[in-house]
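Following: one structure in structure tokens, then a few remarks.
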Amino acid sequence: MDFTSDNAAGVSQPIFNAMMATNQGASPAYGADPFTAKAVALLSAIFETDVAVFLVATGTAANALALGALCPPWGAVFCHETAHVMEDECGAPEMFTGGAKLIGVKGRAGKIAAKDLAAALKAFPRGLVKQVQPAALSLSQATECGAVYSCAELAELSAIAHAAGLGVHMDGARFANALTTLDCAPAEMSWKAGIDVLSFGATKNGALACEAVLVFDPAKAHTLPFQRKRSGHTVSKGRFLGAQMAAYLEDGHWLVNARTANEHAARLAAGLARAPGARLPWPRQANEVFAFLPGKTDAALRAAGVRYYDWTMRDFGEQRAEDEVFVRLVTSFATSASDVEKLIALAGG
Ligand SMILES: *Cc1c(COP(=O)(O)O)cnc(C)c1O
């Protein structure tokens, strides 16, 4: 019973099948292949605009390249203080930008509030030579706490950033999970809400290793071919990235997977909310459930072989009681419904 992360899952079968089918004969290297061309065409159709697409194998590479395209070495990237770019990428954004500074903004459930972004920007006036220059805003959708920005919230934050001369990046490692929650068009949750560059995740939602950097204004993408190659992320047998992304998108496979993951999480959240002594700090919105569990519930789950992570307590405006543990449970397209039921039963929900 594994609820550690959505990347603990394997590869979803249609994507694996597509990679097998791609494994025939020769094909042009470095992304000049028909599978990559198909992925690009699908992404442009799904996002209802011509996007510049850069496929890479990890989300860290996608984020770092995206920020590298938006931010000079003397720039500042504003992001949530617990953002993946801030805490989980070993300084890759700093390296790929040539030394830009990341500025953490506080906010509940991993979300940045408009007034807090405005205040953070005010503290970094442009043109003041002693300070790094605001260059980018990075928003995680869904957030590292499994929360989802509404399209209106994204548009408001982007407008503040654009007015201050910043580019806007979205870390969409869980883009599909957030999208199915909002039930809106991909364009509405991205470029129509002011997102300039998107890290579009596929790995956590069924691919083997594939993410796309999408640049919505192709004129702003001219440095990325060089940045990707220079950083060692231009995959020579690129057709296997193209095949993954195309299979991910075809026939709405990505949305089916995300809906499945979200439904498991919804079931889990409802079950835990009923469990004696358990409580959720904020509503479940995508495929991650955060919960305070009584110590004895936690012990019973672990003794029964349920795996999940203890989560770091933050300045969430929540207090942990003496006998409580704070945990994160993540579901995926591959989660078993019976595992969810077993977990809920073990917790007494
Ligand atoms: C998983 C994740 C990534 C990508 O991580 P990699 O391990 O580099 O693929 C990026 N952002 C968020 C919010 C994530 O959860």
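Whatever order the structure lists them in is the order used to number ligands and atoms, beginning at 1. Residues take their numbers from the sequence shown, with the count starting at 1. Not measured: the values here are computed from a predicted model. Because only heavy atoms are used, hydrogens play no part in the values below, and waters and symmetry mates are left out as well, while side chains stay in.
Judged by distance alone, the side chain of Asp251 and the main-chain N or O of His253 form no donor-acceptor pair under 3.5 Å.
With respect to atom 7 (O) of ligand 1, the closest heavy atom belonging to the protein is Thr60 OG1, 4.4 Å. Counting only heavy atoms of the protein, atom 13 (C) of ligand 1 lies nearest to Glu144 OE2, 3.2 Å. From the protein, the heavy atom lying nearest to atom 5 (O) of ligand 1 is His84 CE1, 3.3 Å. Of the protein's non-hydrogen atoms, the one nearest atom 4 (C) of ligand 1 is Gly59 CA, 3.4 Å. Of all protein heavy atoms, the one lying nearest to atom 14 (C) of ligand 1 is Lys204 NZ, 2.8 Å.
Geometrically, Arg239 does not engage Tyr30 in a cation-pi contact, judged by NZ or CZ lying under 6.0 Å from the ring centre and within 45° of the ring axis.
For Glu211, the closest heavy-atom approach to ligand 1 does not fall below 4.0 Å.
Between Met170 and Met189, the shortest heavy-atom contact is CE-O, 3.2 Å.
Under 4.0 angstrom from ligand 1, the non-hydrogen atoms of Asp171 all belong to its side chain. Residue Ala173 touches ligand 1 through its side chain alone, judged by heavy-atom distances below 4.0 Å. Here Asn63 has side-chain heavy atoms under 4.0 Å from ligand 1, and that is the only part of it that gets that close.
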**Request:** Apply side chain to side chain contact (heavy atoms under 4.5 Å, CB included) to the pair Glu144 and Asp171, showing each step before the final yes or no.
**Result:** CA-CA 10 Å; Glu144 287 72 11; Asp171 176 352; 4.2 Å; yes

**Request:** Decide salt bridge (Lys or Arg N to Asp or Glu O under 4.0 Å) for Lys111 and Glu153; before the verdict, give the C-alpha distance in whole Å, the side-chain angles of both, and the deciding distance to 0.1 Å.
**Result:** CA-CA 10 Å; Lys111 286 169 77 168; Glu153 287 171 330; 2.9 Å; yes

**Message:** Between Lys296 and Asp323, does the side chain to side chain contact (heavy atoms under 4.5 Å, CB included) criterion hold? Intermediate values first, please.
**Reply:** CA-CA 8 Å; Lys296 65 176 190 327; Asp323 181 43; 5.5 Å; no

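The pair Arg307-Asp339 does not count as a salt bridge, with every side-chain nitrogen at least 4.0 angstrom from each carboxylate oxygen.
Considering both main-chain and side-chain atoms, Asn7 never comes within under 3.5 Å of ligand 1 through any nitrogen or oxygen pair.
Which parts of ligand 1 touch Arg174 is read off a 4.0 Å heavy-atom cut-off, strictly below it: atoms 15 (O).
Under the rule for a side chain to side chain donor-acceptor pair (under 3.5 Å), the partners of Arg279 that lie at least two apart in sequence or sit in another chain are Glu318, Glu324.
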